[in-house]
*Asks:* 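Before anything else, here's the structure in question.
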Amino acid sequence: MYFIEQFSNWKFYLVGAYPAGSMGGLLLNIVLAAIALSLSFFFAIILGCGRLSPKKYIRYPFGWFIDIVRSTPLLMIVFWFYFFLPYLLGEHVTVFGSAAFALVVYGASYQAEIVRAGILAVPRGQMEAALTVGLSKYQAMRYIIMPQAFKIMLPSFISFFVSLFKDTSIAYIIGVIELTQSGVIVSQRQPDRIYAAYLCVALGFWTVSYSISRFATSLEKRLGTIDLWRFSLVPGKR
Amino acid sequence: MIKFINVYKKFKEECIPLNNVDLSIAKGQVVVVCGPSGAGKSTLLRVIPRLEAIDRGEIIIDGLSVTNSRANLAKVRSEIGMVFQQFNLFPHKTAIQNIMLAPMKVRGLTRKQANKKAMALLERVGLVHKAGNYPSQLSGGEQQRIAIARSLAMEPGIMLFDEPTSALDPELIQEVLDVMISLAREGGMTMIVVSHEIGFAKKVADRVLFMDNGVILEDGSPHEVLISPKHQRARDFMSNVLHVRDDLREENATFLN
Amino acid sequence: MMVTGVKLTLLLLVTTTLISFFVGTVLAVMRVSSVKALRILGTLYVEICRNIPGLFWLLFFYFVFPELLPSEWGKALNTYEHYPVVAGILGLTVDNSSYVSDILRSGKLAIPDSQKEAAITLGLKPVQQWLYVMLPQMYRAVLPPLGTRMIHNFKNTSLCMAITATELTWATQQIESLTFRGIEATTIATVFYIIVSALMVAVVLGLEKYLKIDMTSITKSKA
């Protein structure tokens, strides 16, 4: 009985006070990662294509932005948004909001490199062939290059999602009540439950990450592509 | 001395590279093994230092069984040199470092001793000037000569050659064969060579084996096996593959001369 | 405060890089070993550690680990002034080494089995085969992703502020709360991180050029 008692706050770990109060726990990590991934995805395509632009005045600024964000710890980016977004926007931003903002910018820069690698992995002849049949450059990109590139990128996106999901734990540091925070709160209020609390946190993260990584691996096998993110190159290297 | 007793090895269904092979090779003998691809020639070599385990039977080298004893295996392995079809030089080490590695790490030679030995071997294979080159900077023939020198550095009593010339461009084959021929003529070294180089077999082999489907069909002097084999299978092979190539080579030789 | 922060950040970088290289290498060898028990053990470690955030491991070593030890030891650790740093090193290493082993294992796949066979026939013992033939080639094959991982690990040292290790990020927040000069401190810190990351990229690219080996000589196959 004592053993089961230890885990009586399982609901708090899973969803926080939701639906009665605010959302928290593991659900919040998943939501945060999903928001960050989907928003950053669009920026990533813009950044990635920008970096591949033949025009220097487009390519360089995009390259600098991506490299700078990629060289800065995520935590630093979070602090930049947490402390300075209010100055910029002139109004208060919630901790959740600044964590989400930071993850979007961070995710966009990393995924931009995946996008770039994916586009570069499509054989050159494809673009040339598309242009010779009379497609415009945009059409060739949209209908010929991108569909092939996405297939190549897919496993990388999924394992980047795993990474992003784990990185949402960083929101703990600025006080978002996500899974890590839930564990710490419980272990501080009820010190006798410290093992159970940390076990739940680990189990929560592990279950989600492991399932998604397995999915990525099986996809890799089926599509026959390799995971560019896991074995990515040094930033800025072609 | 190398002795195979009833050695049997199976890869998958229908693929039996060694089908109850009995074989005994005396010390100092130079043996050439030929036969169609998939006949089990390479496997015959690879089971000797146990790069492949065998399923049944026993292999005895210098009176020590390598089939079951790990201690014997380590001892025997350091007495065997092997030269591969793909050379297998270590690409992160220069030619001379490739040769020096094993004498230093296994035999415990000092750097100076190993260096001296390596230089002598490089001299012997005629590649002193390439000592500092990485394998990628050497031609196939040069790589293979370095590989031979690397094996010789361990002063093995037995040398195994697994199709040493078949990955080489035709014009590079002779330089490797020359090294092997001089090695054979020196005597004292047991050599087993899987090769279709008939010229080599005629010149220096004491004995030629013809293998097919995991069985040794022919076993005798070069003349017996190459010129007048007993089995039809061997006759076909010799006339189809060997003589044609041999003639071509002779033609080339006359042409070049 | 910033200077101490920089020092500690660099200390964390160097120690965790070295230790996780060592642990990661051992794990990688375990995972491709022919002994099944070692293989399972290595895989278990990597699959567990890689799927849990690094921050968790930091908190775990800081808060939970001392509790797991006999009470006097735990007390000694809790009162040890530098324990946050030790916990930081442990936590970061656990996270980083699992990635290192994963990357190295992929490097093993790039090297043909025949390299090992050549080493065997030269009479090298298994440890020597790894040390002189396999590992040097594995490291070269995966130099770029290993470098990326090391930069990632470097950035992750900032997480140690969560367990009150007085590294650079912790220092910026401290300055912000004491003097409200957070902008200056954060800017300096960010620039520092960017510069060190750039230096690490340069080192990796330099090493890559210096150690470049042409694998074509061993991978080209004719027969």
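Quick caveat, the model's predicted, so the values are computed rather than measured. Naming: A, B, ... by sequence-line order, numbering from 1 per chain.
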*Asks:* Flag the one option from B/Val76, B/Val83, B/Leu138, B/Leu51 with the top tally of heavy-atom pairs under 4.5 Å to chain C.
*Replies:*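 Among B/Val76, B/Val83, B/Leu138, B/Leu51, the one with the most close pairs to chain C is B/Leu51.
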*Asks:* Say whether, by atom type as modelled, one donor and one acceptor occur between the side chain of B/His92 and the main chain of C/Arg140 under 3.5 angstrom.
*Replies:*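 Side chain of B/His92 to backbone of C/Arg140: no pair is present.
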*Asks:* Nearest 0.5 Å please: distance from the CD atom of C/Glu117 over to the CG atom of B/Asp162.
*Replies:*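 Output value for this atom pair is 9.5 Å.
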*Asks:* Answer yes or no: does atom CD of B/Glu123 have more than 12 heavy-atom neighbours from other residues, nucleotides or ligands under 6.0 Å?
*Replies:*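 No, because the 6.0 Å sphere around CD of B/Glu123 holds 12 heavy atoms or fewer from other groups.
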*Asks:* Using every non-hydrogen atom in the two residues, find where C/Ala118 and B/Phe84 come nearest and quote the distance to one decimal.
*Replies:*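 Closest approach of C/Ala118 to B/Phe84, heavy atoms only: CA-CE1, 3.6 Å.
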*Asks:* Counting heavy-atom pairs under 4.5 Å to chain C, which of B/Arg107, B/Met154, B/Arg150 comes out on top?
*Replies:*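 Max contact count across the listed options: B/Arg150.
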*Asks:* Does any N or O in the side chain of C/Gln128 come within less than 3.5 Å of the main-chain N or O of B/Lys105, such that one atom is a donor and the other an acceptor?
*Replies:*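 The answer is yes, because a donor-acceptor pair under 3.5 Å joins these two groups.
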*Asks:* Using every non-hydrogen atom in the two residues, find where B/Ala102 and C/Leu124 come nearest and quote the distance to one decimal.
*Replies:*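 B/Ala102 and C/Leu124 have their closest heavy atoms at CA-CD2, 4.3 Å.
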*Asks:* Working to the nearest 0.5 Å, report the span between OG1 of C/Thr121 and CZ of B/Arg50.
*Replies:*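 C/Thr121 atom OG1 to B/Arg50 atom CZ measures 15.0 Å (nearest 0.5 Å).
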*Asks:* Can you tell me how far CG of C/Leu122 sits from CZ of B/Phe90, rounded to the nearest 0.5 angstrom?
*Replies:*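 B/Phe90 atom CZ to C/Leu122 atom CG measures 5.5 Å (nearest 0.5 Å).
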*Asks:* Is the side chain of B/Asn88 donor-acceptor paired with the backbone N or O of C/Gln115 at a distance under 3.5 Å, no angle test?
*Replies:*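 No; judged by distance alone, with no hydrogens or angles, the pair does not exist.
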*Asks:* Is it true that, when you exclude C/Phe22 itself, more than 12 heavy atoms of the residues, nucleotides or ligands shown sit nearer than 6.0 Å to its CZ?
*Replies:*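 No - once you tally the heavy atoms of other residues, nucleotides and ligands closer than 6.0 Å, there are 12 at most.
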